[in-house]
Amino acid sequence: MSRIKPARLRQLVFGFYMSGMMSLLMSGVITFINTGMDSAFMYRWIPAFLVAWAVAFPLVTFIAPIAVRLTEMTLGSRLKDSKSA
């Protein structure tokens, strides 16, 4: 049985929570904008949230490392300059 490295586990747990929160909020907002608030709102929101989360979690775990690298490329020299000052 292989062990997951702590950095990889942290990335997966972060992706789980981040994708869940973003899917919950975005699906709620978009469902509200498209259909309004009525007694059936929750019945439309929950399935939309579950689909969004099922798509978002793998995407976040794949895209997060790319976003980190892009952030480092964008701010890397600025962060190094501020540490030496």
Side-chain angles (χ1 to χ4, degrees):
M1 186 160 123
S2 66
R3 297 185 60 140
I4 297 177
K5 295 179 181 179
R8 179 67 177 145
L9 181 60
R10 184 176 294 111
Q11 180 183 0
L12 290 172
V13 172
F14 171 81
F16 177 81
Y17 288 125
M18 179 60 82
S19 64
M21 289 184 286
M22 290 300 296
S23 298
L24 183 72
L25 295 170
M26 294 304 298
S27 64
V29 169
I30 292 168
T31 301
F32 174 75
I33 289 170
N34 286 332
T35 65
M37 182 69 72
D38 60 14
S39 61
F41 176 78
M42 293 299 287
Y43 294 104
R44 292 187 305 272
W45 183 11
I46 297 302
F49 160 66
L50 294 174
V51 169
W53 200 1
V55 172
F57 180 60
L59 288 176
V60 165
T61 57
F62 174 73
I63 292 171
I66 297 168
V68 168
R69 285 194 297 275
L70 289 171
T71 302
E72 289 300 319
M73 286 171 41
T74 303
L75 299 176
S77 62
R78 291 178 187 220
L79 294 176
K80 290 176 187 175
D81 292 344
S82 67
K83 287 181 182 179
S84 62

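Side chains are part of it too, since the values below use all heavy atoms of this structure and drop only hydrogens, waters and symmetry mates.
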Answer with yes or no after comparing the ring centroid distance for Phe49 and Trp45 against a 6.0 Å cut-off, counting only values under it.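 When the ring centroids of Phe49 and Trp45 are compared, they turn out to be at least 6.0 Å apart.
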
According to a 4.5 Å side-chain heavy-atom criterion applied to Ile, Leu, Val, Met, Phe, Trp and Tyr, with indirect links allowed, do [X] and [Y] form part of one hydrophobic cluster?
| X | Y | answer |
| --- | --- | --- |
| Leu59 | Ile66 | yes |
| Met22 | Ile33 | no |
| Met18 | Val51 | no |

Could you give the distance from [atom1] ([X]) to [atom2] ([Y]), rounded to the nearest 0.5 Å?
| X | Y | atom1 | atom2 | answer |
| --- | --- | --- | --- | --- |
| Ile30 | Thr35 | CD1 | OG1 | 11.0 Å |
| Ser27 | Ile46 | OG | CD1 | 7.5 Å |
| Thr31 | Met26 | OG1 | CE | 10.5 Å |

Measure the acute angle between the ring planes of Phe16 and Trp53, then classify it against the limits of 30° and 60° as parallel, tilted or perpendicular.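 Taking Trp53 first and then Phe16, their aromatic rings sit tilted (interplane angle of 30° to 60°).
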
So Arg44 and Asp38, do their side chains get closer than 4.5 Å, heavy atoms only?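 Yes - at least one pair of side-chain heavy atoms lies under 4.5 Å apart.
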
Exceeds 12 heavy-atom contacts within 6.0 angstrom, atom CZ of Phe41: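 Correct, the count exceeds 12.
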
Would you say Met21 has more than 12 foreign heavy atoms packed within less than 6.0 Å of its CE?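 Atom CE in Met21 is crowded, with more than 12 foreign heavy atoms closer than 6.0 Å.
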
side-chain contact (heavy atoms from CB on, under 4.5 Å) with Phe57: which of Val55, Thr61, Val60?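 By the side-chain contact (heavy atoms from CB on, under 4.5 Å) criterion, Phe57 pairs with just one of Val55, Thr61, Val60: Thr61.
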
